[in-house]
Amino acid sequence: MDLSDLYQEIILDHNKHPRNAHDMSDATHSAEGYNPLCGDEIKVYLKLEGDRVVDISFKGEGCAISKASASLMTERLKGKTLAELGKESAFVLDLLSAEEEPELDLGEVGDLAALSGVRQFPARIKCATLAWHAVDAALAGEDKISTE
Amino acid sequence: MSWDIDSIRRDFPVLSQTVRGKPLVYFDSAASAQKPRQVVEAVDAYYTTYYANIHRGVHELSMRATDAYEAARKRIAKAIHAADPREVIFVRGATEAINLVASSWGRGHLSKGDEILISMMEHHANIVSWQLIAEQTGAVVKAIPMGEEGVLDMDAFDRLLSDRTKILAIGHISNALGTVHPVRAMVDKAHARGIPVLVDGAQAVPHMPINVQELGCDFYVFSGHKVFGPTGVGVLYGRGEVLESMPPYQGGGEMIRSVSIEKTTFRDIPERFEAGTPHIAGAIGLAASFDYLEGLGWDNIHAWEASLLAYATERMEEIPSVRIMGPKDNKASVISFVMEDVHPHDIATVLDAEGIAIRGGHHCAQPLMRALGVSSTARVSLAPYNTKEEVDTLIKTLQKIHTMFAE
C-alpha cells in the first residue's frame, strides 16, 4: 500500500486546480451527491443538447479524492453522448470498486488512470465515486443521492 | 509525580504493534479509548470462572455473578460520587442513557410549546434524542449558540432560560473541540428556575474525577468504551427522587415485580430501568477501568495530558497551514484542526499511512461544524498512554502533508 498511488500528481493537481468547478445557471440536469460519512457535498450540473453533454461542471466541498475525481470527470464527459457517458461511468465505477481490477489501456483511459490507486484505500472509494453517482442521479431526474 | 509511561504502555497490549509497517500511534481515544489488560482480565475472569446470569439463580455461580455486578454498580457510584448506588443505571452507552431520559422523563413532563434547551455544540446523541421526543410531545428544541469560537455564549444562555424551558441537556466537554463547559454554573442557573439538568459526560469522564453531587445535575451520562472500559456498556446516573418518579423505558424481565396479563407492577430503581439480561461483563469491566484510572491518579493523568496537550499545540502551531479550532484554555486534551487546502479526510489518510490513527470528519456534531464554518475537522485526542515522541511523529507527518498539498 503506497500513499503515492493514492495521491498521484494528477490527483493533487486537480485538487489544487479543479477544472469546471462552478455552478451553471442554464444546466438542464443537476443533482447533489452527499457523503454522510464526512458530510461532504458535491453538486454536479449538466447541459444536454439532444443526447450530447455540451457542458458539465461541479461545485462543492470535498476531499482531494472527491474533488479530483469530479474534476477529471467533467473533463472526460464534456462533449460525450449519453451512450458514451454511460460507458465511461460504468468503467470508472468498475475501476474503483469491481472485485477484479479491469485492464487499463492507458492510451484510452488517460488521466482517469490516476483514480485506480483509490482501490487500495477502501475507506476512500466512496469519495471517488461521489460525483459519478451524482451525474447518474441527475440524468435519472433525482436531485439528491447519498453514498450510504 | 509517579508516572512510569513505559509500564503504562505495557498495560495496553494493542499499542505495541506496527500498523502499515510503522509503530502504531493511537490518537483517537476520544472516539474510543484502548483497553488496559486489567479491564480485559476482569471481563475474562467473569467469562472463564464465574459466568452465569444474575438476580435469578439460587446457584453459586449466579450469586457470584450477581455480587460482582452489584459491586460494579457500587464501584462506579463511588467513582462519580453518587449518593446511592441505586442511582447508577447500567445502559448500553451515553446515547442510550440520553434516549432513556428523553423518552421516560420526557413523556411525563413535556407538552406542546415546552422548550428543551441544548447547545449548538452537542454531539448528535444529545440533539437527535431530544428532537424525537419533541416531535412526539409538541415540545421545541432550542440551542445555546456559540459566542467566541468553541465557547458557549453565556449571555444567550441566560436569555434562553425561560418559564417554557423544561429541561437543560448539555455536554460537559465538547467531543469535537475539547471545550470544558461551565456546567456547574449552568446547573445553578437552571435550578434557580426549577429546571432539571442532564449532563452528557461522555468526553469528561476519561479526563477528570466526576462528582455528580457537587455538579448538582439531575442526570449524568457516559459510555464505558471512552473511559478505557468495554463497548456496549454505559451509565445513566440520575438523582434518586427523579428516577423514582419516572416510568420504565423498556419492558422485560428483571424490571418487574409481578406480571399478569391485565397488569404488571415494576421494581424500584435501578432494576426498573434494566430490562432483560444486562451487559454483566461490561459492568464488571467498567468497574475495573475506574480501578485502573484511580490507580494512575487523576492528578497524574491531568498533569500528563496537560503537558502533552501544551507540547502538541505548540508544535502544531509551527506549521503555517494548520489552524487549531476552539478555545486555547480550559480544554481537555483534544486538538481539533484544519489545514489550508487539505481536507481532514486527506489528513487522516496520510497520517494512517504512517501508522497514526486520528479522526477526520464532523465528529457527530454537524451543527457545531456549521457554526465553525467548516464541514469537518481533523481531531487528535491524547490519552495517558500517549507520548511526546508520538507527537513528534505526528508533527513530522503534518509537515509532510503541508508540503505534499502545497503547490
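Convention: sequence-line order gives letters A, B, ...; per-chain numbering from 1. Values below: every heavy atom of this structure, side chains too, minus hydrogens, waters and symmetry copies.
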Candidate pair B:E149 and B:R323, rule salt bridge (charged side-chain N to carboxylate O under 4.0 Å, His left out), full reasoning: CA-CA 12 Å; B:E149 185 178 282; B:R323 184 162 85 81; 3.3 Å; yes

Under-4.0 Å salt bridge between [X] and [Y]:
{"X": "B:K396", "Y": "B:E354", "result": "no"}
{"X": "A:R124", "Y": "B:D346", "result": "yes"}
{"X": "B:D392", "Y": "B:R315", "result": "yes"}

Need one label for A:L6: side chain, backbone, both or neither, based on atoms under 4.5 Å from any heavy atom in chain B.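 Looking at A:L6, just its side chain touches chain B.
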
Need one label for A:N15: side chain, backbone, both or neither, based on atoms under 4.5 Å from any heavy atom in chain B.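 Just the side chain, heavy atoms under 4.5 Å.
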
Pick from A:G62, A:C127, A:C63, A:S66 with the largest number of heavy-atom pairs that fall under 4.5 Å of chain B: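 Most pairs with chain B among the choices: A:C63.
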
Residue B:T349 versus chain A: region with a heavy atom under 4.5 Å: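 It is both, since atoms from each part get that close.
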
